[in-house]
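Because only heavy atoms are used, hydrogens play no part in the values below, and waters and symmetry mates are left out as well, while side chains stay in. In what follows, chains are A, B, ... by sequence order, proteins preceding strands, each numbered from 1.
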Number of protein chains: 2
Amino acid sequence: MTGGWLRTGEVADAAGVNVQTLRYYHRRGLLKEPRRSNGGHRLYPPEAVTVLRVIKAAQRLGFTLGEVAELLETASRRHGRPDGGLRARAAAKLAEVERKIADLEAIRRTLTEALDAGCDDLVACAASPRCPLPFSPQPGDGQRSSTVAA
Amino acid sequence: MTGGWLRTGEVADAAGVNVQTLRYYHRRGLLKEPRRSNGGHRLYPPEAVTVLRVIKAAQRLGFTLGEVAELLETASRRHGRPDGGLRARAAAKLAEVERKIADLEAIRRTLTEALDAGCDDLVACAASPRCPLPFSPQPGDGQRSSTVAA
DNA sequence: GGTAAGCCTGTACCTCGGTACCGGATGCAA
DNA sequence: TTGCATCCGGTACCGAGGTACAGGCTTACC
């Protein structure tokens with residue numbers, strides 16, 4: 001009944017993840033160190049695969065690895081009791097996602113307006129009062145954009 | 001009529017940008033090297049401020065610095081002639097922005113569903129068929145997320 | 001001419017989420 | 001026992017968009 005222990009590569013394969021990534025998650029504190037073989041090789045219980053899937057699912061929801069680490073930690077500390085903190089954090093993340101959507105929609109609007117106006121030369125546009133592009137310095141220009149990038 | 005030349009710090013201030021950032025843009029090829037004083041200090045024409053504003057405006061539209069560099073280069077090469085390339089690039093960027101919005105909307109849906117379902121423990125959720133979170137490995141899990149992050 | 005502010009180049013560092021490479025040790029099967 | 005796949009820890013690197021610091025020179029003002 002003591003299900004087979006899995007080696008690093010097996011866990012990585014089962015979760016669809018690179019072995020290096022697994023080691024990286026250890027360094028980041030997302031995975032706790034499993035038992036070791038006599039020779040020092042890691043031996044994981046099958047649940048480790050579930051934890052990895054959970055991590056990937058949370059990432060797909062927009063949580064950073066730091067946030068995932070917190071999520072896993074509070075989940076294991078307050079196990080089973082209501083308000084494991086996930087609901088509150090999910091609500092906060094939802095608000096964050098909605099802010100990003102709003103930012104991108106503003107960008108979409110501006111791009112659409114520029115296309116409608118037939119803008120075809122940035123530098124010429126900067127001098128034209130008919131161009132809809134926002135050329136004046138904006139708050140937050142000097143910092144990380146945090147919302148937008150390619 | 002030869003308006004006053006501006007020094008690095010003056011250009012940076014006027015455009016609301018860090019002096020280091022200005023130098024960084026030079027390294028990236030976004031700004032061409034201006035004339036120098038006898039002692040080697042850069043002396044910018046007032047138009048340099050406009051170029052910086054253009055760069056910041058393009059960034060706000062979601063263009064990367066690499067894309068901005070291209071935009072500025074083609075703008076200066078095909079100056080004034082129709083199809084400076086901005087329209088096509090803006091259209092492509094618009095499509096990109098719309099993809100990102102769609103991705104974020106999918107995330108928003110999933111977060112909302114998880115909140116509605118009352119999910120409060122990721123690890124427990126992973127075992128429950130009632131949980132709406134996508135725990136199975138997804139294509140693209142092993143790579144750069146490119147769309148989502150905090 | 002003195003002094004302070006500003007500028008010069010070069011280099012290092014930051015975040016985020018990994019990925020890659022190294023030399024050496026281990027595990028497992030034939 | 002031999003051979004090969006795998007794993008170990010450590011370290012370095014990617015890209016994007018900057019920021020910071022060090023050590024030395026220039027410019028501007030009084």
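The distance between atom CZ of B:Arg28 and atom C1' of D:dG18, rounded to the nearest whole Å, is 10 Å. Computed from coordinates, the B:Tyr24 OH to C:dC14 C1' distance equals 13 Å when rounded to whole Å. Put simply, CG on B:Leu6 is 15 Å from P on C:dG6, counting in whole angstrom units. Counting to the nearest Å, the C1' atom of C:dG17 and the CG atom of A:Leu30 are 11 Å from each other. A:Ile55 places its CD1 atom 13 Å from the C1' atom of C:dG17, with the value rounded to the nearest Å. Going from atom CZ of B:Phe63 over to atom P of D:dG17 covers 13 Å, rounded to whole Å. The CG atom of A:Leu52 sits 15 Å away from the P atom of C:dG17 (whole-angstrom rounding). Regarding B:Leu22, its CG atom lies at a distance of 16 Å from the C1' atom of D:dA20, rounded to whole Å.
Atom CZ of B:Arg27 has more than 12 neighbouring heavy atoms from other residues, nucleotides or ligands inside a 6.0 Å radius.
Checked against D:dC8, D:dT19, C:dG17, the side chain of A:Gln59 finds its nearest nucleotide in C:dG17. You'll find that the side chain of A:Ser37 is closest to C:dT26, out of C:dT26, C:dG6, D:dC8. Which of C:dC7, D:dC7, D:dT19 sits closest to the side chain of B:Thr8 comes down to C:dC7. Distance from the side chain of B:Arg42 is smallest to C:dT9 among C:dG18, C:dT9, D:dT6.
A:Ser37 is not listed as a side-chain neighbour of A:Trp5, based on a closest heavy-atom distance of 4.5 Å or more.
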Under 3.5 Å between N/O atoms: give me all the protein pairs with nucleotides 20-25 of chain C, atom names plus distance.
residue : atom : partner : partner atom : Å
C:dA20  : N7   : A:Gln20 : NE2          : 3.3

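No option in B:Thr110, B:Asp103, B:Ile107 other than B:Ile107 meets the side-chain contact (heavy atoms from CB on, under 4.5 Å) test with A:Val97.
In terms of phosphate contacts, A:Thr21 brings a side-chain nitrogen or oxygen within less than 4.0 Å of OP1 or OP2 of C:dT19. Proximity of A:Lys56 to the phosphate of C:dG17: no side-chain N or O atom is located under 4.0 Å from OP1 or OP2. Listed pair B:Tyr25 / D:dG18 meets the phosphate criterion, a side-chain N or O lying under 4.0 Å from OP1 or OP2. Look at B:Arg36 and you won't find any side-chain N or O under 4.0 angstrom from OP1 or OP2 of D:dC25.
Nearest-nucleotide mapping onto DNA chain C: of A:Arg7 and B:Gly9, the residue sitting toward the 5' end is B:Gly9.
Ion pairing between a basic and an acidic side chain is recognised when a charged N comes within 4.0 Å of a carboxylate O; A:Arg108 and A:Glu105 show such pairing.
The backbone N or O of A:Ala15 lies less than 3.5 Å from no partner atom in the side chain of A:Arg53, so there is not a single donor-acceptor pair.
The cluster map of Ile, Leu, Val, Met, Phe, Trp and Tyr, joined by side-chain heavy atoms under 4.5 Å apart, puts A:Tyr44 and A:Val19 in different clusters.
Under the 6.0 Å distance and 45° angle rule, A:Lys93 counts as a cation-pi partner of A:Phe63.
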